[in-house]
Amino acid sequence: MKNIVILISGGGSNMAAIAQTARKEGWQGKFGVRIAAVISNRPEAKGLALANALGIGTEVLSHRDFDSREAFDAALMARIEVHSPSLVVLAGFMRILTPGFVRHYAGRLLNIHPSLLPAFTGLHTHQRAIDLGCKVAGTTVHQVTAELDHGDILAQAAVPVLPGDTADLLAARVLTQEHLIYPQAVRSFFADSA
Ligand code: GRF
């Protein structure tokens with residue numbers, strides 16, 4: 001069995017989209033793939049209840065309990081390693097990871113970023129796209145490297161920026177596309193190596 005570990009910090013809608021697609025498409029039977037655990041760095045993350053409702057085991061490891069980024073990442077890695085993952089999926093995981101962590105999971109660590117990379121790395125991507133008068137925005141699934149929001153691009157989807165858009169409206173439009181391309185990218189990760 002190949003295990004996926006998903007890391008979240010908030011709503012967990014991308015995590016849920018991946019889990020629902022996995023179930024609907026029968027990834028376990030087809031690719032021998034299952035979601036072994038969902039881990040949140042925030043105890044209040046709404047995605048934890050969502051994961052439990054989907055029958056996935058959840059864990060919380062609060063970064064606030066650690067003195068340094070290195071100490072947190074080491075503890076996080078230890079939690080993840082219990083599941084011997086073939087793939088670690090960052091799904092709204094709002095932490096910058098240390099180079100050691102990224103190196104350890106090189107080639108099997110994916111992220112989704114709410115912009116058409118390489119445009120708009122970092123935070124507040126939707127407001128920045130609106131402020132600059134962009135007509136198109138979107139989202140990117142990419143391999144994670146030590147440089148923030150860089151790494152090989154695996155999938156992208158574009159949406160229009162509409163007159164009168166707010167960051168929230170645009171984020172919601174982008175999110176619907178994220179729920180399509182992230183499950184597809186995870187499926188391809190296993191299907192292409194099967
Ligand atoms: C998504 O827009 C993702 O691109 C960004 O954070 C958001 C997470 O949403 N990294 P959710 O927690 O999956 O609902």
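We count ligands from 1, going down the list as the structure has it; atoms in each ligand are counted the same way. Predicted, not measured: the structure shown is a model, and the values here were computed from it.
The existence of a salt bridge linking Glu25 and Lys30 is excluded, since no basic side-chain nitrogen approaches an acidic carboxylate oxygen closer than 4.0 Å.
Ranking protein heavy atoms by distance to atom 14 (O) of ligand 1, first place goes to Ser13 OG, 2.5 Å. Among all protein heavy atoms, the one lying closest to atom 5 (C) of ligand 1 is Pro114 CD, 3.9 Å. Among protein heavy atoms, the minimum distance from atom 9 (O) of ligand 1 is reached at Asn14 ND2, 3.8 Å.
Just one residue in the list Leu76, Ile39, Val89 forms a side-chain contact (heavy atoms from CB on, under 4.5 Å) with Val5, and that residue is Ile39. Applying the side chain to side chain donor-acceptor pair (under 3.5 Å) test between Thr139 and each of Arg173, His179, His113, Glu178 identifies Glu178 as the sole match.
The backbone N or O of Thr98 sits less than 3.5 Å from a side-chain atom of Asp73, completing a donor-acceptor pair.
Residue contacts with ligand 1: Thr139 is placed with no nitrogen or oxygen under 3.5 Å of a nitrogen or oxygen of the ligand (distance criterion only).
Nearest heavy-atom pair across His83 and Ala37 is NE2-CB, 3.5 Å.
Under a 4.0 Å heavy-atom criterion, Ile112 is in contact with ligand 1.
Phe31 does not carry Arg187 over the face of its six-membered ring by the limits of under 6.0 Å from the centre and within 45° of the normal.
Counting the atoms of ligand 1 from 1 in the order shown, those under 4.0 Å from a heavy atom of Gly92 are 6 (O), 8 (C), 10 (N). Near Gly12, meaning under 4.0 Å from any of its heavy atoms, are these atoms of ligand 1: 11 (P), 12 (O), 13 (O), 14 (O).
Proximity of Glu178 to ligand 1, defined as any heavy-atom pair under 4.0 Å, is confined to the side chain (atoms from C-beta onward).
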